[in-house]
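We name chains A, B, ... by the order of the sequence lines, and we start the count at 1 in each one. Worth knowing before you read on, the calculation uses all heavy atoms, side chains too, and leaves out hydrogens, waters and symmetry mates.
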Amino acid sequence: MHNPALLRPRPSAIARAMKHALNITRQQNFAAWYQEVISEADLAEESGVRGCMVIRPWGYGIWERIQKLMDAEIKKAGVENCYFPLFIPLSFFEKEADHVDGFAKEMAVVTHHRLVKGPKGGLVPDPESKLEEPLVVRPTSETVIGAAMSRWVQSWRDLPLLVNQWANVVRWEMRTRMFLRTSEFLWQEGHTAHADREDAMAETMRALEMYRAFAEGPLAMPVVAGEKPENERFPGAVATYSIEAMMQDGKALQAGTSHYLGTGFAEAAGIKYQDKEGGIQHAHTTSWGVSTRLIGGVIMTHGDDDGLRCPPQIAPHQIVIVPMLRDDEGDAAVIDYGRALAKELGALSAFGEPVRVLFDTKAVKAQTKRWNWVKKGAPIIVEIGPRDVSEGKAAVIRRDRLYQDNGKLATAFTPRDEFVAQAAGLLEEIQTALHAEAKARLDGAIARDVTDLAKHFKGSEDKVVGWAEVQWARPTGEALEKIVARLKELKLTMRNTPIDATPADGVCFFTGEKAVERILIGRTY
RNA sequence: CGGGGAGUGGCGCAGCCUGGUAGCGCAUCUGCUUUGGGAGCAGAGGGUCGCAGGUUCGAAUCCUGUCUCCCCGACCA
C-alpha cells in the first residue's frame, strides 16, 4: 500500500491537463510507474493475502481475450482441454528428483481438513483431522498428468497424447510483483506424450512457435525465441525453450516456456507403451505454458505515461464511445446518435472478429470518462456531443497517438460515416503500430559488439541498456557455474540462445574456446 | 528468510515523541452555476485508527505478538 514514490502531491487538474494522466512517468521510476498503471487502469489490486491479487474486470477481460485466442491456437494443433485436481499428493513429487528439488522451496501444503475452536478463541486446524499424506497445492501439473497418462497410454496407437488445461497454480515466491510473479497465478499448461524424441521435440518447438507468434501477433509484443541455458532449465527438463520480451526499462521478461522432458517424467510416472515391434518403451513428454504474466509484459511493453495502451486484439473494448451529456433536453439526441454509431461499429469486423464497442453511458462526467479510458488503454476513444450530432461528426482519439506535437490531444473530428468506414482498418493499424514501435525498441537495444559486460551494463539501473548478444561455447558443469556466478555479480543472467541467430563464427566470450552459438545476456524480472 | 520503511473514512496523508475516545486533501452525496484537456461554489454523509494481547482511571498514541504492503538483499521454470 504505502509507496514512497507515490507520495508526491497530486498535480492540480489544470497542471495535469497539460501533462499526463499518471502522476509518475516511466523515466522517474519505472517500478512505481508500473504499479500506478495497474492501479489507475483498474487492472488489479492487492487482496490482503500475501502475494495474491484481485484481477479486476478490465484486467480479467484482457486475460479472457488472451485465453480465447490462445485456446483456439492450442485446439488448432490438435490438443484437447481437460482439468486435473488442484491438490497433488506429496508423494507424486518425490518420484522425480530434479523436479521436487526445483519446487520444494515454494510449495503450499495442505495438512488438515477441519477447523475447531482454538484455546484462545478463533479457529485452528483440528489435530484430529491431520491428513495421512499432505496434499500440495499444484505449482505445475506434470506429476498428476503424468499419472493419468500412465493409465491412458498403453499402445503406440495412443500416441501422441496431447492435453492442455487452463488453471491456477500456486508458487510460494519470496518476493512478488503484480502479474509478474504472484503466489497464485492463472495459466495454461500443455502436456503431451510422444513415441519418440523426434516427435516430442517437434511438439516442443511447435508450442514455442505458437507462443512466439502469439506474442508478436495479438499481444504486439516482440520476443526472441530460443533455448534456455542448462542452469535455467525447468526442473526435470532435458531442454527448456522460452520467448523473452524486452520491457521498456531494458529488462527481460520470460513470457512463455516450452520444455522437452525426455523420458524422465515418463519413467517416474510409468508412462509406457508397446511399440509396433511388441517392445515396451517409455514415452517422451513435453510441457509448455503461458500465464497472466503476459499481462505484465503487455503493460511494460506498451504502457506510456498516460497508462496502458492495450493492443486492439486483446482489448476487452476496442472502441469506447463517450457521450458528452449536459443533463438537458439535448441529451436524448446525443444518446440516440451514440447508440446508432455503436450499433454500426459493432457490425464491423476486425482481425476476423466482430468489433467490440462500448457505448459508455455511465453517469460520470465525459472528461473523467475520457481519461479513465485513456488510462485503461482503450485503443480508440470516440467522443460525441451536441456539436457532433448537428455536424454529423465524431471526435476520434487514437490511444497509441494521444498527442499532437504541440502537446494537445490529437482529437480528430471526423465525419461519422468516414470514421465508420475507417474504424476496422484503424484498429488493425494501431495493432501494427504498437508492434512496430516495440520491435524497433527491441532491435535497437541488443548490442552485438560488447567486449566488457561490466562496462556495457554500468548504470543500467537508471538508463535503458537492453541486452547483449555474445558468442559462446555452451560450456557445462563447473565452467558454466563460473560464468553464472560472474554474471550474477553484475546482476545479469543468460536469457536464451536465439534460434534464428546467425551461426557462431568466433570464440566463446567467456572461455575463449570455439563458439557454437550466440546467447543473450541481460537483466531480468 | 535477513535489513529498512509503512498500515488512521473509498484513495493519499497529518496526529503518535510529550496517552485524555480523531483531523486534512481528493473522492462520494445534494443543490445551483458550468461543460469538447480531468469544472466552481455551498451544504451533507462516512472512520474508533491492520489484527490480537498487555500497561493505564483512560490507548491511534506506550509495550509484546501477529498479518499485509513497499524498498534492498537472498530466492525465483
Side-chain angles (χ1 to χ4, degrees), chain A residues 1-21 23 29 31-32 35 39-40 45-53 98-99 101-103 105-106 118 120-122 139-140 142 169 171-178 180-183 187 189 228 231-237 239-242 254-259 261 287-291 293 306 322-328 330 334 364-375 381-388 393-395 397 402-404 407-411 413 461 488 491 493 524-525:
Chain A
M1 208 121 302
H2 176 79
N3 183 340
L6 298 174
L7 295 186
R8 299 175 314 101
R10 287 181 93 80
S12 72
I14 294 169
R16 265 170 106 177
M18 293 184 290
K19 290 169 140 189
H20 290 284
N23 292 310
N29 183 336
Q35 291 182 78
S39 149
E40 290 293 311
E45 63 187 20
E46 298 300 340
S47 64
V49 179
R50 186 180 189 292
C52 296
M53 62 179 173
D98 289 335
H99 193 57
D101 283 352
F103 283 105
K105 304 179 292 294
E106 50 184 60
K120 296 176 190 166
T140 180
E142 276 75 7
V169 287
R171 297 179 188 182
W172 217 259
E173 301 286 357
M174 286 304 179
R175 200 166 157 190
T176 58
R177 309 191 70 173
M178 289 231 191
L180 302 178
R181 186 174 293 105
T182 45
S183 301
W187 77 345
E189 48 179 326
K228 290 299 232 183
N231 62 302
E232 299 265 350
R233 268 182 211 143
F234 176 74
T240 287
Y241 297 82
S242 72
Q254 180 173 298
T257 47
S258 183
H259 316 289
L261 303 175
S287 68
W288 29 272
V290 293
S291 70
R293 175 183 272 190
D306 293 290
V322 176
M324 324 270 304
L325 304 177
R326 302 183 175 187
D327 293 322
D328 62 24
V334 176
V364 171
K365 242 176 103 71
Q367 289 90 332
T368 304
K369 283 197 276 195
R370 168 170 68 218
W371 288 106
N372 285 342
W373 286 115
V374 164
K375 286 186 285 195
I381 301 164
V382 181
E383 296 175 336
I384 51 165
R387 205 190 298 165
D388 304 299
K393 289 189 172 176
I397 298 170
L402 256 195
Y403 301 104
Q404 308 174 47
K408 289 190 174 170
L409 271 185
T411 308
F413 293 89
E461 309 290 353
K488 192 174 174 180
K491 293 186 179 181
T493 57
T524 183
Y525 274 98

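- In the set B:A74, B:U35, B:G38, B:G38 carries the atom at the smallest distance from any side-chain atom of A:Trp371.
- Each of A:Asn231 and A:Leu402 was matched to the nucleotide of RNA chain B holding its nearest heavy atom; the match closer to the 5' end belongs to A:Leu402.
- Annotation for A:Ala237 and A:His259: closest pair CB-CB, 4.2 Å, computed over non-hydrogen atoms.
- The side chain of A:Ala395 lies closest to B:G36 when the candidates are B:G36, B:G38, B:C75.
- Using a 4.0 Å heavy-atom cutoff across all strands shown, A:Lys228 reaches no nucleic acid atom at all.
- The A:Gln35 side chain lies nearest to B:C70 when the options are B:C70, B:G36, B:U35.
- Closest contact between the side chain of A:Glu46 and the listed nucleotides B:G38, B:G36, B:C70 involves B:C70.
- Base contact: A:Arg181 has a heavy atom under 4.0 Å from a base atom.
- In this structure, A:Asp101 atom CG and B:C76 atom P are separated by 12 Å, rounded to whole Å.
- Pair check for B:U68 finds B:A6; Watson-Crick or G-U wobble, both atom distances under 3.5 Å.
- Heavy atoms of A:Glu383 sit under 4.0 angstrom from at least one base atom.
- The base-pairing partner of B:A14, taking Watson-Crick or G-U wobble contacts with both distances under 3.5 Å, does not exist among the strands shown.
- Using a 4.0 Å heavy-atom cutoff across all strands shown, A:Arg387 reaches at least one base atom of the nucleic acid.
- Remark: C1' of B:G38 and NZ of A:Lys369 are 14 Å apart, rounded to the nearest angstrom.
- With a 3.5 Å ceiling on both atom-pair distances, B:U48 lacks any Watson-Crick or G-U wobble partner.
- Taking both residues in full, the closest heavy atoms of A:Cys52 and A:Ser47 are given as O-OG, 2.6 Å, listed atom of the first, atom of the second, then distance.
- Here the closest heavy-atom approach between residue A:Ala395 and residue A:Asp388 is recorded as N-OD1, 4.2 Å.
- Of all non-hydrogen atoms in A:Thr493 and A:Glu232, the two that sit nearest each other are CB-OE2, 4.0 Å.
- Pair check for B:C32 finds B:G40; Watson-Crick or G-U wobble, both atom distances under 3.5 Å.
- Considering only heavy atoms from C-beta on, A:Phe234 stays 4.5 Å or farther from A:Tyr241 through its side chain.
- Closest to the side chain of A:Lys365, from the set B:A39, B:C76, B:G36, is B:A39.
- When Watson-Crick and G-U wobble pairs are counted only if both distances are under 3.5 Å, B:G73 pairs with B:C1.
- Distance, A:Glu173 CD to B:C1 P: 14 Å, rounded to whole Å.
- Taking the six-membered ring where the residue is Trp, A:Tyr403 and A:His20 present perpendicular rings, their angle passing 60° and hence far from 30°.
- Among the protein residues, A:Gly51 comes within range of the sugar-phosphate backbone only, with heavy atoms under 4.0 Å from sugar or phosphate atoms but none that close to a base.
- Checking A:Asp388 against A:Gln254, the closest nucleotide of RNA chain B that is more toward the 5' end is the one next to A:Asp388.
- Residue A:Gly385 is classed as a base contact, given a heavy-atom separation below 4.0 Å to a base.
- B:G58 is unpaired under the criterion used here, namely a Watson-Crick or G-U wobble arrangement in which both key atom distances are under 3.5 Å.
- Here A:Lys488 reaches the OP1 or OP2 of B:C75: one of its side-chain N or O atoms lies under 4.0 Å away.
- What separates NZ of A:Lys105 from P of B:C1 is a distance of 15 Å, to the nearest Å.
- Rounded to whole angstrom, the span from the NZ atom of A:Lys491 across to the C1' atom of B:C76 amounts to 16 Å.
- We find that CE of A:Met324 is positioned 12 Å from C1' of B:A39, with the value rounded to whole Å.
- For a distance-only test at 3.5 Å, the side chain of A:Arg175 fails to qualify as a donor-acceptor partner of the base of B:C75.
- If you check every strand for non-hydrogen atoms under 4.0 Å, A:Pro386 touches a base.
- Following rounding to the nearest Å, A:Met178 (CE) and B:C71 (P) show an atom-to-atom distance of 11 Å.
- Contact annotation for A:Glu232: backbone-only contact, meaning every heavy-atom pair under 4.0 Å involves sugar-phosphate atoms and none involves a base.
- Not a single donor-acceptor pair under 3.5 Å links the side chain of A:Thr524 to the backbone N or O of A:Gln254.
- When the P atom of B:C75 is taken as reference, atom CE of A:Met174 falls 10 Å away, rounded to whole Å.
- Distance from the side chain of A:Arg50 is smallest to B:U68 among B:G36, B:U68, B:G38.
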